[in-house]
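Given the structure is predicted, the values throughout are model-derived calculations rather than measurements. Position 1 is the first residue of the sequence, and the numbers go up from there. As the structure lists them, so they are numbered: ligands from 1, and atoms in each ligand from 1.
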Amino acid sequence: MADKLIIFDTTLRDGEQSPGASMTRDEKLRIARQLERLKVDVIEAGFAASSNGDFECVQAIARAVKDSTICSLARANDRDIARAAEALKDANRGRIHLFIATSPLHMEKKLRMSPEQVLEQARLSTRFARNLAADIEFSAEDGYRSEIDFLARVCEAVINEGATTINIPDTVGYAIPELYGNFIKTLREKVPNSDKAIWSVHCHNDLGMAVANSLAGVQIGGARQVECTINGLGERAGNCSLEEVVMAVKTRKDYFNLQVDIATEHIVAASRMVSQTTGFVVQPNKAVVGANAFAHASGIHQDGVLKARDTYEIMRAEDVGWSANKIVLGKLSGRNAFKQRLQELGVQLDSEADVNAAFAKFKELADRKSEIFDEDILALVSDESLAHEKERYGFVSLAQHSETGERPQARIVFTVGGQEVQGQAQGNGPVDASFQAIESHVKSGAEMQLYSVNAISGSTDAQGEVTVRLQSNGRVVNGVGADPDIIVASAKAYLSALNKLHSKADKVAAQG
Ligand code: KIV
Ligand code: ZN
């Protein structure tokens with residue numbers, strides 16, 4: 001029988017460390033439910049001790065998601081570990097994931113601890129965690145740049161204390177597949193009790209090799225857990241991408257001979273949900289989930305695919321959730337058809353009131369746009385106005401005027417804490433004028449770091465999806481807005497970013 005490969009998703013923890021990718025509690029819950037639908041084995045829901053907000057997210061996910069193991073990160077100290085255990089109290093299956101750095105550079109420069117002190121701290125904190133939970137993962141941060149004999153002593157010690165999974169991260173994305181695979185293999189050989197734990201890989205993508213390194217860790221090194229994120233989301237160049245690693249192992253079962261339990265038909269919906277929530281657009285040529293991943297432009301390829309699809313296709317688009325018929329609903333579609341489509345897309349709204357609110361928005365959109373695509377529906381349900389948290393700023397209406405040779409003007413009505421206000425301004429273009437109109441009232445002083453527009457479903461009658469990245473007092477947030485009118489979408493995105501700036505609490509970073 002094939003060994004099982006455990007898929008550990010860290011979109012909500014390591015993925016969220018990407019600048020601007022911070023998510024609200026409701027957004028995280030929605031993504032966690034989608035990960036459960038995907039049948040992810042372990043969901044790292046957050047870093048409970050990093051902030052009260054993160055604690056509440058881990059707790060809410062532990063209460064809502066019952067089929068996957070829910071995990072919280074913790075530094076190797078009693079306070080963090082106790083906080084993680086508390087947040088996971090109501091989980092069906094909870095995992096405490098503690099970590100400490102083991103590379104000479106990190107121990108000396110970051111922790112200012114000697115190797116023996118690190119070893120002792122790893123040992124004691126694993127013991128402490130083991131008294132609070134049965135499922136304990138230990139990570140040696142910057143493990144790949146650690147001295148292998150020292151790392152082996154640490155791993156042996158924490159396994160003796162009851163760690164059930166040992167994770168060896170390539171924290172800075174420095175590894176090369178063959179070298180990383182051999183590193184894991186040699187390390188396991190050096191650890192006398194290595195068979196008492198599951199070995200895990202966690203690779204960052206700084207040199208574009210996170211997926212290749214993870215697969216080498218599995219194939220050469222014998223790891224049986226891969227840590228990854230949807231769309232490869234993560235700090236800097238990101239993490240190992242879940243969809244790529246899963247489809248590689250499934251498509252090349254002849255080579256890997258591993259069992260992966262992921263329900264791959266939910267991959268595209270998960271990818272869209274993460275990209276629409278965080279504002280991190282998926283590049284069109286991204287493997288598996290990019291818009292072009294299954295598009296054949298060249299005549300030779302098209303001809304080949306029409307004659308026999310396996311001439312040029314190694315995976316089936318529908319197996320990862322690309323629907324064959326993308327036009328789904330229109331103006332005449334009723335509430336039941338809408339609800340059914342939500343179910344098919346794997347979207348679970350929290351209450352009938354949410355379904356009603358989403359349906360009202362759908363009707364509004366269908367009045368303006370004749371064909372409603374899956375992407376439109378996903379944008380609509382990720383709209384902040386469906387969120388339960390009370391948002392400070394809400395879009396009401398916008399009027400703008402631009403004409404060649406004249407300076408564009410915008411007048412916007414929006415709510416601040418439930419009260420309607422108006423702002424009016426001129427700008428270099430209509431988008432700039434709308435942002436100035438909002439700022440004429442809010443005066444956030446935030447600096448814009450990124451503005452991008454993306455047509456949700458291809459053609460000019462598509463909804464525009466806008467991402468706005470703002471920075472204020474060292475915090476970076478992304479706001480996303482969608483509307484057939486891109487100036488309105490831009491204003492919504494700006495208000496959404498302001499909401500995030502307003503609500504986002506400072507938290508302790510896991511690395512660095
Ligand atoms: O990259 C890393 O080292 C991590 C650990 C905290 C697990 O994310
Ligand atoms: Zn990481």
Side-chain angles (χ1 to χ4, degrees), residues 6-19 21-22 42-51 54 58 69-77 80-81 83-84 95-107 109-111 118 121-122 125-126 129 135-146 151 154-155 158 163-175 180 183-184 187 197-211 213-214 217 223 225-242 245 507-512:
I6 297 167
I7 301 298
F8 174 116
D9 179 278
T10 183
T11 306
L12 301 175
R13 197 280 298 170
D14 216 344
E16 204 209 15
Q17 280 173 221
S18 197
S22 68
V42 186
I43 299 174
E44 188 159 54
F47 176 7
S50 69
S51 68
D54 245 43
V58 176
T69 295
I70 306 301
C71 170
S72 171
L73 187 69
R75 286 165 298 192
N77 66 57
D80 271 29
I81 293 169
R83 200 80 181 127
R95 170 180 296 189
I96 300 176
H97 176 191
L98 60 117
F99 75 98
I100 190 163
T102 52
S103 67
L105 194 62
H106 278 226
M107 289 190 293
K109 299 275 192 273
K110 187 177 91 166
L111 299 177
V118 167
Q121 180 139 347
S125 49
T126 306
D135 187 347
I136 303 297
E137 174 166 335
F138 174 84
S139 278
E141 191 190 4
D142 207 17
Y144 178 62
R145 292 195 300 172
S146 302
L151 183 57
V154 174
C155 294
V158 297
T164 41
T165 300
I166 302 293
N167 182 39
I168 308 298
D170 176 24
T171 303
V172 293
Y174 181 68
Y180 183 67
F183 186 81
I184 305 286
L187 178 63
I198 289 170
W199 291 77
S200 166
V201 287
H202 175 117
C203 296
H204 281 264
N205 202 33
D206 298 67
L207 293 173
M209 289 188 278
V211 172
N213 287 333
S214 303
Q225 173 175 287
V226 173
E227 303 200 352
C228 45
T229 60
I230 300 289
N231 298 338
L233 186 71
E235 248 180 319
R236 310 186 307 276
N239 285 61
C240 169
S241 126
L242 179 145
V245 101
K507 46 185 205 167
V508 179
Q511 295 144 23

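Every residue meeting the ring pair (Phe, Tyr, Trp, His ring centres under 6.0 Å) condition with Tyr144, not counting sequence neighbours, appears here in chain and number order: Tyr180, Phe183. Remark: Ala76 engages Leu98, Ile100, Gln121, Ser125 in a side-chain contact (heavy atoms from CB on, under 4.5 Å) (not counting sequence neighbours).
Asp9 contributes a side-chain N or O that, together with a main-chain N or O of Thr11, makes up a donor-acceptor pair within less than 3.5 Å. Of the possible donor and acceptor atoms, one in the side chain of Asn205 sits under 3.5 Å from a partner among the backbone N and O of Met209.
For ligand 1, the atoms sitting less than 4.0 Å from at least one non-hydrogen atom of Thr171 are 1 (O), 2 (C), 3 (O), numbered in the order shown with element in parentheses. Atoms of ligand 1 lying under 4.0 Å from any heavy atom of Glu141, numbered from 1 in the order shown and given with element: 3 (O). Below 4.0 Å from some heavy atom of Asp14 lie the following atoms of ligand 1, by number and element: 8 (O). Listed by number with element, the atoms of ligand 1 under 4.0 angstrom from any heavy atom of His97 are 7 (C). Set against the non-hydrogen atoms of His204, the atoms of ligand 1 under 4.0 Å away are 1 (O). The atoms of ligand 1 that sit less than 4.0 Å from any heavy atom of Ser139 are 7 (C). Atoms of ligand 1 found under 4.0 Å from any heavy atom of Pro169, numbered from 1 in the order shown, are 2 (C), 3 (O).
Within Asp14, the N/O/S atom positioned nearest the Zn ion (ligand 2) carries the name OD2.
Taking the Zn ion (ligand 2) as the apex, the angle formed with NE2 of His204 and NE2 of His202 is 100°, to the nearest 10 degrees.
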Report the C-alpha separation of Ile43 and Thr69 in whole Å, then their side-chain angles, then the decisive distance to 0.1 Å, and conclude whether the side-chain contact (heavy atoms from CB on, under 4.5 Å) test is met.
CA-CA 6 Å; Ile43 299 174; Thr69 295; over 6 Å; no
Step by step, work out the side-chain hydrogen bond (donor to acceptor under 3.5 Å, both in side chains) result for His97 and Glu44.
CA-CA 9 Å; His97 176 191; Glu44 188 159 54; 2.7 Å; yes
Would you check, one step at a time, whether the test salt bridge (charged side-chain N to carboxylate O under 4.0 Å, His left out) holds for Arg145 with Asp142?
CA-CA 6 Å; Arg145 292 195 300 172; Asp142 207 17; 3.0 Å; yes
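Taken to the nearest 0.5 Å, the CD1 atom of Ile168 stands 8.0 Å off from the OG atom of Ser146.
At least one N or O atom of His202, backbone or side chain, sits closer than 3.5 Å to an N or O atom of ligand 1. Residue Asn167 has no N or O atom closer than 3.5 Å to an N or O atom of ligand 1. Considering backbone and side-chain N/O atoms, Glu227 never comes within less than 3.5 Å of an N/O atom of ligand 1.
At least one heavy atom of Arg13 sits less than 4.0 Å from an atom of ligand 1.
For the residue pair Gln225 / Asn167, no side-chain donor-acceptor distance below 3.5 Å is found, with atom types taken as modelled.
Within the 2.8 Å limit, Glu235 places no N, O or S atom next to the Zn ion (ligand 2).
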